[in-house]
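Written out below as structure tokens is the structure these notes cover.
Residue numbers start from 1 in every chain, and the chains themselves are labelled A, B, ... in the order their sequence lines are given, proteins ahead of strands. Computed from a predicted structure; not experimentally measured.
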Protein chains: 2
Amino acid sequence: MTPAAQLTAVMKTLADPTRRAVFERIAAEGEVAATGLVRGSKVSQPAISQHLRALRDAGLVTERREGRHIRYRVAPGGLAPLVDWLGHYERFWRERFENLEKLLKESD
Amino acid sequence: MTPAAQLTAVMKTLADPTRRAVFERIAAEGEVAATGLVRGSKVSQPAISQHLRALRDAGLVTERREGRHIRYRVAPGGLAPLVDWLGHYERFWRERFENLEKLLKESD
DNA sequence: CAATCATATAAGTATTTACTTATATATCGG
DNA sequence: CCGATATATAAGTAAATACTTATATGATTG
């Protein structure tokens, strides 16, 4: 897959609010099984399963079977296409990013 | 519009390769009229016009009428929702970002 | 004003998408 | 092996999307 196609996949995958919420919960919890994600979600188990597949296909999460459960984690380089792309447009957000950096540091 | 909805709009808008290419050309050229974008594009003039509207609605570009032409620029804060969101997942790409930073500095 | 150039809108369409319910597969405990 | 639990797949569907052609609007020039 070409880098542009990778970026498209990542963006398309995260553009859906339901699926992005799944990603955010995985990130927040570190590692979580599909069951955990189904609970506290508005959509059905198959819907979650489909979203997880999409996230995996986009390289955004990894899975690890543990008994009956499959535990999901954020994939290390998954956001890289997005970060790299934004890097090219640094001049449009550099200032904002520096403010953000400061904020993050202050909240430590 | 809620911040999450803004982010969704930005992601959805940039997820389409054709539309993202339009954004990238505007960014590259600094300021460019719709005509210029139609030339060198695979799609029709109405398609470009629709993409420009989407980009404007997402807050990603601004327009400025100049005679018959409408010139487009990248909007200053347009990428902010994306940058801010990525900020929350800093730990997943911080290392990569530092490499990128170094690369960008070296290419100066 | 008439002709022309730049852009937008209308209307239609094929494709994609995000969901649903129903069912299949896989793993475990007794 | 059986029943229960965890996840995936199948099939169908309503809505969204990215395009097209045709036409309208807006601005400039002769």
Side-chain angles (χ1 to χ4, degrees), chain A residues 1 4-26 29 31-75, chain B residues 1 4-26 29 31-75:
Chain A
M1 187 150 54
Q6 276 264 37
L7 174 61
T8 297
V10 168
M11 281 182 167
K12 270 189 156 40
T13 303
L14 292 173
D16 180 70
T18 306
R19 189 160 47 229
R20 190 171 66 246
V22 170
F23 177 84
E24 288 170 350
R25 281 199 54 196
I26 295 172
E29 308 203 12
E31 189 174 52
V32 59
T35 314
L37 295 165
V38 171
R39 270 216 301 287
S41 161
K42 307 263 185 194
V43 299
S44 65
Q45 175 268 320
I48 295 290
S49 180
Q50 289 156 20
H51 284 313
L52 286 170
R53 173 136 84 117
L55 287 167
R56 171 165 44 74
D57 289 352
L60 286 163
V61 302
T62 60
E63 54 186 59
R64 173 172 77 88
R65 176 133 230 162
E66 199 178 277
R68 299 193 251 205
H69 296 264
I70 299 184
R71 301 231 144 74
Y72 289 87
R73 284 183 161 280
V74 169
Chain B
M1 187 149 56
Q6 274 265 38
L7 174 61
T8 297
V10 168
M11 282 180 168
K12 271 188 156 40
T13 303
L14 292 173
D16 180 72
T18 307
R19 189 161 47 229
R20 189 170 67 247
V22 170
F23 177 84
E24 287 170 350
R25 280 198 55 199
I26 296 173
E29 308 203 14
E31 190 174 51
V32 59
T35 314
L37 295 165
V38 171
R39 272 216 303 287
S41 162
K42 308 263 183 190
V43 299
S44 64
Q45 176 267 319
I48 295 290
S49 179
Q50 288 156 21
H51 284 314
L52 287 170
R53 174 135 83 119
L55 288 166
R56 171 165 44 75
D57 289 351
L60 286 163
V61 302
T62 60
E63 53 185 61
R64 173 172 77 89
R65 177 134 230 161
E66 199 178 279
R68 300 194 250 210
H69 296 265
I70 298 185
R71 302 230 142 75
Y72 288 88
R73 284 182 160 280
V74 170

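- In this structure, the side chain to side chain contact (heavy atoms under 4.5 Å, CB included) partners of A/Ala33, at least two apart in sequence or on a different chain, are A/His69, A/Arg71.
- Take B/Glu29 and apply the salt bridge (charged side-chain N to carboxylate O under 4.0 Å, His left out) test, not counting sequence neighbours, and it matches B/Arg25.
- Listed by chain and number, the residues in a side chain to side chain contact (heavy atoms under 4.5 Å, CB included) with A/Ala34 are A/Leu52, A/Tyr72 (sequence neighbours excluded).
- Evaluation of the salt bridge (charged side-chain N to carboxylate O under 4.0 Å, His left out) rule for B/Arg68 yields no partner, not counting sequence neighbours.
- Scored by the side chain to side chain donor-acceptor pair (under 3.5 Å) test, A/Glu24 finds B/Trp85 as partners (sequence neighbours excluded).
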TODO: Spell out protein contact along nucleotides 25-30 of chain C as letters: B when the base is contacted, S when just the sugar-phosphate is, - when no protein heavy atom is under 4.0 Å; keep the 5' to 3' order.
DONE: --BB--
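- Of all heavy-atom pairs spanning B/Ala5 and B/Met1, the tightest one is CB-CG, 3.4 Å.
- For the pair A/Gly59 and A/Ala75, the tightest heavy-atom approach, listed with the atom from each and the gap, is O-CB, 3.3 Å.
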Close N or O pairs between protein and nucleotides 8-16 of chain C (under 3.5 Å):
residue, atom, partner, partner atom, Å
C/dA8, OP1, B/Tyr72, OH, 3.2
C/dA8, OP2, B/Ser49, OG, 2.8
C/dA8, N7, B/Gln45, NE2, 2.9
C/dA8, N6, B/Gln45, OE1, 3.1

Solution key, residues 9-20 of chain B side-chain donor-acceptor pairs under 3.5 Å, sequence neighbours excluded:
residue, atom, partner, partner atom, Å
B/Thr13, OG1, B/Ala9, O, 2.6
B/Asp16, OD2, B/Thr18, N, 3.4
B/Asp16, OD2, B/Arg19, N, 3.0
B/Arg19, NE, B/Thr13, O, 2.7
B/Arg19, NH1, B/His51, ND1, 3.3
B/Arg19, NH2, B/Lys12, O, 3.4
B/Arg20, NH1, A/Thr8, OG1, 3.3
B/Arg20, NH1, B/Leu14, O, 2.9
B/Arg20, NH2, A/Ala4, O, 3.4
B/Arg20, NH2, A/Thr8, OG1, 2.8

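- Contacts with DNA chain D (heavy atom under 4.0 Å) in residues 16-26 of chain B: B/Asp16, B/Thr18, B/Arg19, listed by number.
- The nearest whole Å value for the distance from the NE2 atom in B/His51 to the C1' atom in D/dC19 is 8 Å.
- Atom NE2 in B/His69 sits roughly 10 Å away from atom P in D/dT28 (whole-Å rounding).
- Partners of B/Ser49 under the side chain to side chain donor-acceptor pair (under 3.5 Å) rule, at least two apart in sequence or in another chain, do not exist in this structure.
- Applying the salt bridge (Lys or Arg N to Asp or Glu O under 4.0 Å) definition to pairs two or more places apart or across chains, those involving residues 32-61 of chain A are A/Arg56-A/Glu63.
- Counting to the nearest Å, the C1' atom of C/dT17 and the CE atom of A/Met11 are 19 Å from each other.
- B/Ser44 has no side-chain polar atom (N or O) that falls below the 4.0 Å cut-off from OP1 or OP2 of D/dC19.
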